[in-house]
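Structure first, commentary second.
Every chain is numbered from 1, with letters handed out A, B, ... down the list of sequences.
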Amino acid sequence: MADAIQAAPAPHSTPTTWAGRFFDSDVWASFKRSKLTMVAAFLTALFMASAILAGLLSPQDPFDPAQLELMNSRLPPIWDAEGQMPFVLGTDEQGRDIFSAILYGLRISLAVGILGVALSATLGITLGLVAGYLGGTVDAIIMRIADVQLTFPAILIALLVDGVVKAVLGGQLDEVTTLSVLVFSIGLSFWVQYARTVRGSVMVEKNKDYIAAARLIGLPTPVIMFRHVLPNVLGPVLVIATINLALAVITEATLSFLGTGMPETMPSLGTLIRIGNNYLFSGEWWIVAFPGIALAVLVLAINLLGDWLRDALNPKLR
Amino acid sequence: MFAFVIRRALQAIGVLLAVGIISFAMFRFAGDPVNQIVSLDTPAAEREQVRRSLGLDDPVPVQFARYLSRAVQGEFGVSYQFRQPVSDLLAERMPATLELAFCATLFAIGFGVLMGVYSGLKRDSFLAKVFQTISLIGISLPTFLIGILLIYLFSVILGWLPSFGRGDTVRLGWWSTGLLTTSGLKALIMPSITLGLFQMTLIMRIVRAEMLEVLRTDYIKFARARGLSTRAIHFGHALKNTLVPVITIVGLQFGSVIAFAIITETVFQWPGMGLLFVQAVQNVDIPIMAAYLMLVALIFVLINLAVDILYTIVDPRLRTSIRQPA
């Protein structure tokens, strides 16, 4: 593909470095054209950065009991007359700073989302590759499982997996195990889309000449599958992964909101919303509102980015 | 067409069998059923006796066959939390969920079609842009946030609507309905909107796209040339043809509505099957989880089958294409 572009008579010289090629690409051009996409990308980057730098940015560690003062509980945001520095967005029942809690929660939400997407993508790509390349019975079995799973909404699968894994592990789980269970259940509920897409592309790709050539020189099947076919079917996967990141974040938040996700000792955005929901009627709206806004903006930004990427990588729409 | 229906029915049975296996595996292997019955200090011999009396020492295929035949008769064992038969619990909660799903679907169809037609006909108007924004929100906001937002607006600030429960219900035989009392109807409003919003945006987008497409076709131009009134063209000719995909979506999505009711029911503490299921997941109550999975699978499969059959009846083109060998 890259060779074909370079061989074609270009209107200007094609840069050879990786970064140069990127800034010269159609994708970058379409990015520069869309203001909304730039805002979405900025917001996503901002969220990622604040999640990584949560320890530096937040005025307190909201989950270190030594730093909490009951005197500071239920303070409204700073613009309210009763607001106090440094609690910009107010505090909750236990005197935790909402802003700090959001930063730490964002870290958990994004970590579960990204790991969940990584797991489902790995699973889906591998199964799709195997199904598409080998065909026959293997293909039939994998795709029938995919069909059955596709009948149910992902959130239901995630809830079921979550419940079953907890039943198998038994007893009270610590925070890291809970996080892994969440990643596992999200990974298991979203693999189908990757598998179907990859399988479709593999079936086209495997009849091309370069694969025949690779077979002819006697390369083993796994090498052909992963070194030759795989790189050529990854384009659409990127789009699915971006859109699924938003879905995975929502799924994690939903599970945590339903009380089957992250515990209150290590809350994600969903857990924060669940806690805040209990104070809605006593007038402390900020405990639920700010984590809710953070979640909504994060999801919206990632969604917009995914939509743009889908259009930018799809030559039919240009 | 008959062969098509048979093939579909066989596929449906295949799906149900697969779900049955998963459900059985959960029931049998995730957590030992014996432990749920005996106490911690029960001697091993007695445990063995309980095990045998439950038939847990039979070969696994025999156990599976027994599990399936019981499930077909509506028996799913006893809930660990409530010590009541799961079938009774589900039957008690089912009317609440079905009424909620029904009202949510009605809301989605009503507003979705109206907004879709409007933004299809006047796509550059201000109101059409407002509808587009609403649909973007409906798709990207998590369901539970929409529910919380509605509760805050209409229960906390305005105090118009109840924030939880079904209100007063009336019993009609074994079916308890909230549709016949004022408080029951009031309690239905917010959960229905929360649950139906996603479907509404879906329907709105489809109707809008279909309207735009249909309005360009020759038969609409011909209808205009015949001098028919705009209203007759839009609603008599154009809208009718946009409704086939709407019927499909509504049908296929009804199962999702029931599954997504899990979230809505938790936000509004709606005493339906979804809330029961969430509590089961929280408390690792496997019999309820297994039964809920089977029930939802059955509903999904029946709906898909019904939509497939309806489709061949509604759309004659499909019938001929099925009759011809592919």
Side-chain angles (χ1 to χ4, degrees), chain A residues 144-145 147-171 185 246-247 249-261 269-270 273-274 276-277 280-283 285 288-289 291-293 295-304 307, chain B residues 11-12 14-19 22-23 25-26 29-32 35 136-137 139-149 151-152 155-157 163 253 255-260 262-263 265-267 274-275 277-286 288-290 292-293 296-297 300-301 304:
Chain A
R144 278 300 85 72
I145 295 175
D147 284 347
V148 173
Q149 182 164 340
L150 214 58
T151 328
F152 302 98
I155 182 75
L156 185 62
I157 312 258
L159 262 171
L160 268 176
V161 175
D162 190 71
V164 172
V165 173
K166 278 186 184 153
V168 172
L169 296 179
S185 35
L247 274 177
V249 169
I250 288 186
T251 307
E252 186 281 324
T254 306
L255 290 179
S256 293
F257 176 77
L258 295 178
T260 58
L269 289 178
I273 293 168
R274 180 164 62 99
N277 197 22
L280 205 55
F281 277 90
S282 46
W285 54 271
V288 64
I293 293 170
L295 178 67
V297 175
L298 173 68
V299 167
L300 192 62
I302 301 176
N303 264 335
L304 286 173
D307 279 352
Chain B
Q11 272 173 13
V15 170
L16 281 182
L17 263 181
V19 174
I22 296 169
S23 166
M26 275 167 57
F29 300 112
D32 190 349
N35 281 347
L136 190 66
I137 293 171
I139 282 184
S140 51
L141 263 192
T143 317
F144 60 95
L145 274 184
I146 294 168
I148 293 174
L149 197 68
I151 290 181
Y152 188 66
S155 300
V156 179
I157 294 187
S163 66
Q253 289 278 321
S256 306
V257 170
I258 287 180
F260 274 100
I262 295 171
I263 303 165
E265 287 179 8
T266 310
V267 177
L275 193 60
F277 178 69
V278 168
Q279 286 163 352
V281 174
Q282 283 166 354
N283 299 315
V284 197
D285 193 340
I286 297 283
I288 290 184
M289 286 163 66
Y292 181 83
L293 178 66
V296 170
F300 265 107
V301 161
N304 280 352

Practice problem: For A296(A) and L141(B), work out which heavy atoms get closest and say how close. | Solution: CB-CD2, 3.3 Å
Exercise. Side chain from CB out, backbone as N, CA, C, O: work out which of these in Y152(B) comes under 4.5 Å of a heavy atom of chain A, or both, or neither.
Key: both
Practice problem: Against chain B, label L295(A) side chain, backbone, both or neither, depending on which of its atoms sit under 4.5 Å from a heavy atom there. | Solution: side chain
Quiz item: Is the closest side-chain heavy-atom distance between L156(A) and F277(B) below 4.5 Å?
Solution: yes
Exercise. Please tell me if the side chains of I262(B) and I155(A) come closer than 4.5 Å, counting only heavy atoms from C-beta onward.
Key: no
Quiz prompt | The single option from T143(B), L145(B), V267(B) passing side chain to side chain contact (heavy atoms under 4.5 Å, CB included) against F257(A) | solution = V267(B)
Practice problem: Let me know if L160(A) has heavy atoms under 4.5 Å from chain B in its side chain, its backbone, both or neither. | Solution: both
Quiz prompt | Under 4.5 Å from any heavy atom of chain A - which part of V301(B) | solution = neither
Exercise. Side chain from CB out, backbone as N, CA, C, O: work out which of these in I263(B) comes under 4.5 Å of a heavy atom of chain A, or both, or neither.
Key: both
Quiz item: Going by heavy atoms in the side chains, are W285(A) and I157(B) under 4.5 Å from each other?
Solution: no
Quiz item: Do Y292(B) and L159(A) have side chains that get closer than 4.5 Å, going by heavy atoms?
Solution: no
Self-check item: Contacting moiety of A297(B), where chain A heavy atoms sit under 4.5 Å
Solution: both
Quiz prompt | Residue V165(A) versus chain B: region with a heavy atom under 4.5 Å | solution = neither
Quiz item: If you tally heavy-atom pairs under 4.5 Å against chain B, which of I273(A), L247(A), D147(A), V288(A) wins?
Solution: I273(A)
Self-check item: Heavy-atom pair with the smallest gap, counting every atom of P153(A) and S256(B)
Solution: CG-CA, 4.2 Å
Self-check item: Minimum-distance pair of heavy atoms, taken over all atoms of V164(A) and M289(B)
Solution: N-CE, 3.8 Å
Practice problem: Identify, with sequence neighbours excluded, every residue that meets side-chain hydrogen bond (donor to acceptor under 3.5 Å, both in side chains) alongside D162(A). | Solution: K166(A)
Practice problem: Count the heavy-atom pairs under 4.5 Å between each of V299(A), I250(A), T251(A), T254(A) and chain B, then report the option with the highest count. | Solution: T254(A)
